[in-house]
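Following: one structure in C-alpha cells, then a few remarks.
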Amino acid sequence: MRQQWMIVMAALLFLLAGCQGNDWTVSVKTTPFYREGTASSFAVAIQKDGKPAGGLEVTAVFEMANMDHGQTVVQLAEKEPGLYEGNVQLPMDGEWDALLQIKDGDETVEKLVTLKVKKQDVAAMINGTAITAAEVKFYQTRWQIEISSAMEAVKKQYRGEELNERLSYWKRQLNETTEPRSAVTRLIELHSMALLAEEKGYSVDEPAVDREVENRKRQYEGSETAQTLIRQYGEAAFWKQERRYVQLVLLAQNVWNDMVEQVKNEHPNVTEAEMRFLAQKKYDELLVSQIDSLSIQLYLSGR
C-alpha cells in the first residue's frame with residue numbers, strides 16, 4: 001500500500017506541476033551502493049523549465065520496491081546549481097524507490113525515481129565511480145611487483161654498502177604496499193587524471209592497450225618474483241585488472257604530455273632534466289586542482 005501511495009502521490013503532484021506550467025525533470029547522477037554499516041552518496045540533477053533549479057529544499061524518501069524495510073529519509077544539499085547530494089545508509093541491495101520531495105518557495109513537487117542498488121566492497125568513490133577493494137588489492141600486488149623487480153635489478157648492479165643503501169630504500173617502499181590507504185591514494189590520483197584526460201577529449205583505443213599489456217607481460221617474464229606474485233593473485237584476474245589499469249595510465253599520460261609541451265613552449269632552451277622537473281611541477285599542481293574539483297568519498301575506516 002505504501003508503494004502504491006508513493007506512486008499515486010508522485011503522479012498527482014506531477015500533474016499539478018504541469019498545470020502550473022512548470023516542467024520539472026530529475027536525473028540521477030550518483031546511485032548509492034550497499035555495504036553493511038556504510039553510508040554512500042546519492043546525487044540528482046534537477047531542472048525546472050529546462051534550466052538547473054537552484055535554491056531548492058530537497059528531501060529523498062527511500063523505500064524498497066518489493067519489500068517492506070521501512071523508509072529512510074535523507075536531506076539533500078545543493079552542491080552546485082541544480083545538483084543535490086546526500087549520504088544514505090540502506091539496509092540491503094536490490095531495487096529501491098526514492099521519492100524526491102522538492103520545495104521551491106511555496107511550490108512543492110514530488111518525483112519518483114527507481115534505483116538499482118548494488119552490493120559493493122568499495123574503498124572509495126570518485127564522482128560516483130567506485131574504486132573497489134579488488135582494485136586496491138590488485139594495485140598493491142602490481143606495486144609489489146614493480147618494487148621487487150627494482151630490487152632484483154639493484155642486486156645485479158651494485159655491491160657492498162651502496163647495495164645495502166639502495167635495498168634499504170626499496171624495502172621501505174615495499175612495506176608501504178601493505179597499507180591499503182597508500183594504494184587508495186595512488187589510485188585516486190590516477191583516476192583523477194584519467195578523468196581529466198577524458199574531459200580534455202582524450203581517449204585510448206584497444207590496440208594501444210593491447211600493445212602496452214603485451215609489453216608488460218614480456219617485462220614480467222624476466223622476473224621470478226613477478227611471476228610468483230601474479231600466480232598468487234590469479235593470472236586471469238591479474239591481467240583483467242591490468243588492462244583497466246593500463247587504460248587509466250595511458251589516459252593520464254596524455255595530461256603529462258600536455259604539461260611537457262607547455263614547458264617546451266614556455267622554456268625552449270631548458271635541459272631535459274629541467275624540462276621534466278618543470279613538467280612534474282605543473283602536473284602536480286594540476287593534480288591538486290583536479291582532486292579538489294571532484295566529489296571523493298573514502299570508505300576505509302575500520303579496515
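These values consider heavy atoms only, across backbone and side chains, with no hydrogens, waters or symmetry-generated copies. By convention here, the first residue in the shown sequence is residue 1. Just so it is clear, the structure is predicted and the values come from calculations on it, not from any experiment.
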Are I291 and V288 grouped together when hydrophobic residues (ILVMFWY) are joined by side-chain heavy atoms under 4.5 angstrom apart?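 In one cluster with I291: V288, no.
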For K217, does the NZ atom sit with more than 12 other heavy atoms under 6.0 Å from it, leaving out its own atoms?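 Enclosed: over 12 neighbouring heavy atoms sit under 6.0 Å from NZ of K217.
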Do other residues, nucleotides or ligands put more than 12 heavy atoms under 6.0 Å from the CD atom of Q262?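 Atom CD in Q262 is packed in, count exceeds 12.
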Shortest non-hydrogen contact from [X] toward [Y]:
{"X": "Y84", "Y": "A53", "value": "OH-O, 2.6 Å"}
{"X": "K155", "Y": "L163", "value": "CA-CD1, 3.8 Å"}
{"X": "A39", "Y": "N87", "value": "CB-CB, 4.1 Å"}
{"X": "L250", "Y": "A208", "value": "CD1-O, 4.0 Å"}
{"X": "A130", "Y": "E135", "value": "O-OE1, 4.1 Å"}
{"X": "R231", "Y": "E235", "value": "CG-OE2, 3.6 Å"}

Do [X] and [Y] sit within salt-bridge range, that is, some charged N less than 4.0 Å from a carboxylate O?
{"X": "E107", "Y": "K48", "result": "yes"}
{"X": "R243", "Y": "D210", "result": "yes"}
{"X": "R172", "Y": "E176", "result": "no"}

We want to know whether [X] and [Y] form a side-chain donor-acceptor pair, criterion being a heavy-atom distance below 3.5 angstrom.
{"X": "R142", "Y": "Y220", "value": "yes"}
{"X": "E110", "Y": "W24", "value": "no"}
{"X": "N215", "Y": "R218", "value": "yes"}
{"X": "S192", "Y": "E189", "value": "no"}
{"X": "S40", "Y": "Q297", "value": "no"}
{"X": "D258", "Y": "Y202", "value": "yes"}
{"X": "T30", "Y": "E85", "value": "no"}

To the closest 0.5 Å, what do you measure between [atom1] ([X]) and [atom2] ([Y])?
{"X": "Q144", "Y": "T228", "atom1": "CD", "atom2": "OG1", "answer": "12.0 Å"}
{"X": "Q280", "Y": "L287", "atom1": "CD", "atom2": "CG", "answer": "9.5 Å"}
{"X": "T59", "Y": "L100", "atom1": "OG1", "atom2": "CG", "answer": "9.0 Å"}
{"X": "Q157", "Y": "E162", "atom1": "CD", "atom2": "CD", "answer": "8.0 Å"}
{"X": "M125", "Y": "H191", "atom1": "CE", "atom2": "NE2", "answer": "11.5 Å"}
{"X": "T225", "Y": "I147", "atom1": "OG1", "atom2": "CD1", "answer": "12.0 Å"}

Mind checking whether L278 and H267 have side chains closer than 4.5 Å, heavy atoms only?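 With C-beta onward as the side chain, the pair touches.
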Do V109 and D104 have side chains that get closer than 4.5 Å, going by heavy atoms?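 Sidechains of D104 and V109: no contact.
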When you measure from the side chain of [X] to the backbone N and O of [Y], does any donor-acceptor pair fall under 3.5 Å?
{"X": "E179", "Y": "R181", "answer": "yes"}
{"X": "R35", "Y": "Y299", "answer": "yes"}
{"X": "Y34", "Y": "G94", "answer": "no"}
{"X": "S182", "Y": "T178", "answer": "no"}
{"X": "D97", "Y": "A65", "answer": "no"}
{"X": "S149", "Y": "I145", "answer": "yes"}

Do K119's NZ or CZ and the ring of F33 fall within the cation-pi criteria of under 6.0 Å and 45°?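 Because its charged atom misses either the 6.0 Å distance or the 45° angle limit, K119 does not stack over F33.
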Which residues satisfy the side-chain contact (heavy atoms from CB on, under 4.5 Å) test with [X], sequence neighbours excluded?
{"X": "A150", "result": "W170"}
{"X": "A134", "result": "T132, Q241"}
{"X": "K103", "result": "E57, T108"}
{"X": "N127", "result": "L294, S295"}

Scan residues 284-296 for pairs that pass salt bridge (charged side-chain N to carboxylate O under 4.0 Å, His left out), counting only residues two or more places apart or in two chains.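 Checked against salt bridge (charged side-chain N to carboxylate O under 4.0 Å, His left out) - neighbours excluded - the pairs reaching residues 284-296 are K281-E285.
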Test side-chain hydrogen bond (donor to acceptor under 3.5 Å, both in side chains) applied to Q253 and N257, step by step: CA-CA 6 Å; Q253 184 66 39; N257 292 340; 3.2 Å; yes
side-chain hydrogen bond (donor to acceptor under 3.5 Å, both in side chains) assessment of T271 paired with E274: CA-CA 5 Å; T271 65; E274 289 172 329; 3.3 Å; yes
Apply salt bridge (charged side-chain N to carboxylate O under 4.0 Å, His left out) to E36 and list each qualifying residue two or more places apart in sequence or on a separate chain.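 If we apply the salt bridge (charged side-chain N to carboxylate O under 4.0 Å, His left out) test to E36, skipping adjacent residues, there are no hits.
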Give me the ring orientation class for Y283 and W256: parallel if the planes are under 30° apart, tilted from 30 to 60°, perpendicular past 60°.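 Geometry flag for W256 against Y283: perpendicular rings.
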